[in-house]
There are 2 protein chains.
Amino acid sequence: MNEVLQYRLVIADDHPLFRGAMREAVSGLLERVDIAEAGTFDEVVELLERGGEVDLVLLDLAMPGVRGFSGLMYMRAQYPGVPVIVVSANDDPAAIRRCMEFGASGFIPKTLGVDAMRTAISRILGGGVWTPPDVDLAVGLDTEAAELIARMATLTPQQVRVLMMLSEGLLNKQIAYQLGVSEATVKAHVSAILQKLGVESRTQAVIAAAKIEAGHWPQNVAAEG
Amino acid sequence: MNEVLQYRLVIADDHPLFRGAMREAVSGLLERVDIAEAGTFDEVVELLERGGEVDLVLLDLAMPGVRGFSGLMYMRAQYPGVPVIVVSANDDPAAIRRCMEFGASGFIPKTLGVDAMRTAISRILGGGVWTPPDVDLAVGLDTEAAELIARMATLTPQQVRVLMMLSEGLLNKQIAYQLGVSEATVKAHVSAILQKLGVESRTQAVIAAAKIEAGHWPQNVAAEG
DNA sequence: GCCCATATTCGACTTTTGGCGAAACTACCG
DNA sequence: CGGTAGTTTCGCCAAAAGTCGAATATGGGC
């Protein structure tokens, strides 16, 4: 049946003003659209968990509760069917490239004009991908890092959860409790993670994960004062 | 003989031109001075290991073989008697403060003029400390990080070596082999490290160390109000 | 429906890790 | 010289981590 085109979007950004502007831009693009807003990563997860079908998430990686790419990785692992557009103030080509490697459907610099933004979103809603036309995606082609990201992309949803908990320094016992499974299960997941990442201990796994996260976000504007 | 004031300095920087300029500046300051240059961190260690007495090290933290503060930490742990001046292109007050917390005797921005540089060096050779006069050392006073650095400062030389090997993801067995001691000894060091850093596992120890290294000056965790 | 691939789960077993106590060595001080 | 404090060293034992094999969902495709 021909389903009225009722799109469901989620706009995730910690700046309310920007969320509003983004909502405005999208409203003009689509007639029937249900837009939810989230100011923290947990809110995004809650929306996806509860609300059911979502057609697109506009995600700012510099949000409370996310450090770097882990939010994107988590999202792609837990909800593989939901396209994610990364919206960021950072327009470093290497960062853009990395987002795409993590499975984003697009990357929208916050500096982008409304028109280009609409073009990008409609393209992605149609099933395609979109990145800023004027960046060289070959930049930052770090073989080692790229390969590691590719390996991380093969992790199952549960394994991604476990890897993040490893990166917090939790014991298998603690992870097991939080996930509501047995310790043996966690160990099995850890073993699978180690094999997929090509490392030999949990310590090496968190080091590898940290390398990906690290240092690709500009020195934050020392705006305090 | 009457103790000719024969100072021995080490200039450690990966830019030969800058090393030359620095050598020039110091030559004008001291009459009898033996200046050694190093382009990598390993060369610095070799000089200190072989040459014996060294009165001062001028260390650039952005050198091959060093990632962030670990070079300074290693140096202060292995050769506590040798004063270290950090020479860096970065003049972020928080970074300066962190260097001083790690036990540096001074911090010289590369932008500094020759005269001020000479003042700083002579002051430090006299046993004092020196930091740029116009920076607010109270900035970047991150309690958590500062406390962690203070804890790291209590590590013994051998413990520092072990901690760095932990951060490379090595097993106790591998560390033991490289240090030429038994595995039991390494475990004892690891236990001491965990206690001093206030963490509960080697994984948490490397996470803590990485937080300090990452240079990621305090990533603001949106505790706005 | 059945079948196949994958994800998730778990128990038994081996290896690694970490805590505890103690000996040897060093350095410094009265 | 003796004594005190700190570092380095090590063995023993309990806990945690990791491997292996296997049972149980889960989710398409034929």
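Numbers restart at 1 for each chain; the letters A, B, ... are given by sequence-line order, proteins then strands.
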[X] side chain to [Y] backbone, donor-acceptor under 3.5 Å:
| X | Y | result |
| --- | --- | --- |
| Gln174(A) | Leu170(A) | no |
| Thr154(B) | Ala150(B) | no |
| Arg76(A) | Val82(A) | yes |

Q) Are side-chain N/O atoms of Gln78(A) and Arg161(A) paired as donor and acceptor at under 3.5 Å? A)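 Side-chain D/A pair, Gln78(A) to Arg161(A): present.
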
Taking [atom1] from [X] and [atom2] from [N], how many angstroms apart are they, rounded to a whole number?
| X | N | atom1 | atom2 | value |
| --- | --- | --- | --- | --- |
| Lys187(B) | dT16(C) | NZ | P | 9 Å |
| Gln159(A) | dT6(C) | CD | P | 13 Å |
| Gln195(B) | dT17(C) | CD | C1' | 16 Å |
| His189(B) | dC20(C) | NE2 | P | 17 Å |
| Glu183(B) | dT16(C) | CD | P | 7 Å |

Q: Give a yes/no answer on whether the side chain of Gln158(A) brings an N or O atom under 4.0 Å of OP1 or OP2 in dT9(C).
A: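 Checking Gln158(A) against dT9(C): at least one side-chain N or O falls below 4.0 Å of OP1 or OP2.
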
Q. Between Ser191(B) and dG19(C), is there a side-chain N or O to OP1/OP2 distance below 4.0 Å?
A.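 For Ser191(B), the contact criterion (side-chain N or O under 4.0 Å from OP1 or OP2 of dG19(C)) is met.
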
Close side-chain approach of [X] and [Y], heavy atoms under 4.5 Å:
| X | Y | result |
| --- | --- | --- |
| Met22(A) | Ile35(A) | no |
| Val199(A) | Arg151(A) | no |
| Met165(B) | Leu179(B) | yes |

**Q.** Whether Phe69(B) and Phe102(B) hold their rings parallel, tilted or perpendicular, with breakpoints at 30° and 60°
**A.**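 Rings of Phe69(B) and Phe102(B): parallel, as their planes differ by under 30°.
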
Q. Under 4.0 angstrom, heavy atoms only, what part of the nucleic acid is Thr185(A) near: base, sugar-phosphate, or nothing?
A.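 Here Thr185(A) touches the bases of the nucleic acid.
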
(Q) Let's see if you get this right: which residues in residues 171-182 of chain A place a heavy atom under 4.0 Å from DNA chain C? (A)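 Within residues 171-182 of chain A, the residues near DNA chain C are Val181(A), Ser182(A).
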
**Q.** Comparing Thr156(B) and Ala184(B) on DNA chain D - which has the more 5′ nearest nucleotide
**A.**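 Closest to the 5' end, via its nearest nucleotide, is Thr156(B).
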
**Q.** Contact boundaries on DNA chain D for chain B, cut-off under 4.0 Å to non-hydrogen atoms
**A.**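 Nucleotide range in contact with chain B: dT7(D) to dG11(D).
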
Q: Could you tell me whether Arg8(B) and Asp34(B) make a salt bridge, using a distance below 4.0 angstrom between a side-chain N and a carboxylate O?
A: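 Result for this pair is yes, salt bridge flagged.
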
